[in-house]
Amino acid sequence: QVQLVESGGGLVQAGGSLRLSCAASGITFSINAMAWYRQAPGKQRELVAYITSGGSTDYADSVKGRFTISRDNAKNTVYLQMNSLKPEDTAVYYCKSSLRRAGTDFGFWGQGTQVTISS
């Protein structure tokens, strides 16, 4: 019954902006950390941004100053605001939940949404 559903991907020009959304169900959203990952063709999946249940954030160096992760617990939704986009940001972006219990992290993945940046 757990679902993480991403939306908001698309095709934009370099320098443009997109906002990705991830709507969660089947989890106690407010106590889960949430993250955005991305995977480009032929490359490993990488962590882009992370937000804890308390609202602390962390970002990959490649997106610092350009991307902002946020959450709305009332809507069970996490967002990724992406500004000043570059062609190297092109990837499938995935939402992931994470819950720590007794030192073990457990989470779920969304299906992904394609982001393509043209030059």
Side-chain angles (χ1 to χ4, degrees):
Q1 207 230 218
V2 173
Q3 278 196 300
L4 303 178
V5 181
E6 300 98 332
S7 61
L11 173 64
V12 297
Q13 292 183 314
S17 297
L18 282 174
R19 189 174 81 153
L20 306 183
S21 298
C22 172
S25 60
I27 64 171
T28 305
F29 182 81
S30 62
I31 65 171
N32 277 257
M34 301 296 297
W36 288 96
Y37 288 75
R38 67 186 181 188
Q39 188 166 26
K43 300 194 71 178
Q44 295 183 97
R45 191 169 296 185
E46 65 172 335
L47 177 65
V48 175
Y50 184 87
I51 185 166
T52 70
S53 60
S56 298
T57 59
D58 197 16
Y59 300 89
D61 288 343
S62 59
V63 307
K64 282 181 179 175
R66 301 188 298 121
F67 291 10
T68 303
I69 188 170
S70 61
R71 65 193 297 156
D72 186 340
N73 289 342
K75 296 182 178 181
N76 286 359
T77 300
V78 62
Y79 304 95
L80 186 67
Q81 179 66 46
M82 308 164 66
N83 298 327
S84 302
L85 285 161
K86 305 174 180 179
E88 50 262 47
D89 295 319
T90 295
V92 177
Y93 283 71
Y94 297 91
C95 177
K96 182 183 180 291
S97 67
S98 182
L99 182 65
R100 171 156 286 182
R101 286 287 133 100
T104 299
D105 290 336
F106 183 79
F108 299 91
W109 292 87
Q111 83 289 346
T113 186
Q114 177 70 50
V115 170
T116 303
I117 313 303
S118 63
S119 58

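Worth saying up front: this structure is predicted, and the values here are computed from it rather than measured.
- Distance check: Arg38 CZ to Leu47 CG gives 10.0 Å after rounding to the nearest 0.5 Å.
- Counting only residues at least two apart or on different chains, the ring-ring contact (aromatic ring centres under 6.0 Å, His included) pairs with a member in residues 25-70 are Tyr37-Trp109.
- Rounding to the nearest 0.5 Å places OG of Ser98 at 7.5 Å from CZ of Arg100.
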Practice prompt. Please report the C-alpha distance between Tyr94 and Gln39 in whole Å, then the side-chain angles of each, then the deciding distance to 0.1 Å, and finally whether the side-chain contact (heavy atoms from CB on, under 4.5 Å) criterion is met.
Written response: CA-CA 8 Å; Tyr94 297 91; Gln39 188 166 26; 4.3 Å; yes
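- Glu6 contributes a side-chain N or O that, together with a main-chain N or O of Gly112, makes up a donor-acceptor pair within less than 3.5 Å.
- Between Ile31 atom CD1 and Ser53 atom OG the span is 8.0 Å, to the nearest 0.5 Å.
- No chain of hydrophobic side-chain contacts below 4.5 Å, direct or via other Ile, Leu, Val, Met, Phe, Trp or Tyr residues, connects Ile51 to Leu99.
- One distance of note links OG of Ser97 with CG of Asp105; it measures 10.5 Å at 0.5 Å rounding.
- By the criterion of side-chain heavy atoms lying less than 4.5 angstrom apart, applied directly or through intervening Ile, Leu, Val, Met, Phe, Trp or Tyr residues, Leu80 is grouped together with Leu85 in one hydrophobic cluster.
- In this structure, CD1 on Ile117 lies 7.5 Å from CG on Leu11, to the nearest 0.5 angstrom.
- The two residues Lys96 and Gly107 make their nearest non-hydrogen contact at NZ-CA, 4.4 Å.
- With hydrogens and angles ignored, the 3.5 Å screen pairs a side-chain donor or acceptor of Asp72 with a backbone N or O of Ala74.
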Practice prompt. Give the intermediate values and the outcome of side-chain contact (heavy atoms from CB on, under 4.5 Å) for residues Ser118 and Thr116.
Written response: CA-CA 6 Å; Ser118 63; Thr116 303; 5.8 Å; no
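- Both Leu4 and Ile69 belong to a single network of hydrophobic side chains, linked directly or stepwise wherever heavy atoms of I, L, V, M, F, W or Y lie under 4.5 Å apart.
- Other residues, nucleotides and ligands contribute at most 12 non-hydrogen atoms within 6.0 Å of the CD atom of Gln3.
- In plain terms, the two heavy atoms of Gln81 and Ser17 that are nearest each other are NE2-CB, 4.0 Å.
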Worksheet entry | Working for side-chain contact (heavy atoms from CB on, under 4.5 Å), residues Met82 and Leu20 | CA-CA 8 Å; Met82 308 164 66; Leu20 306 183; 3.7 Å; yes
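- Taking CG of Asn76 as the start and CD1 of Ile27 as the end, the distance is 7.5 Å to the nearest 0.5 Å.
- Ion pair Lys64/Asp61 flagged as a salt bridge, since at least one NZ, NE, NH1 or NH2 atom sits closer than 4.0 Å to an Asp/Glu carboxylate oxygen.
- Taking the ring axis of Tyr79 as reference, the NZ or CZ atom of Arg19 stays within 45° of it and closer than 6.0 Å to the ring centre.
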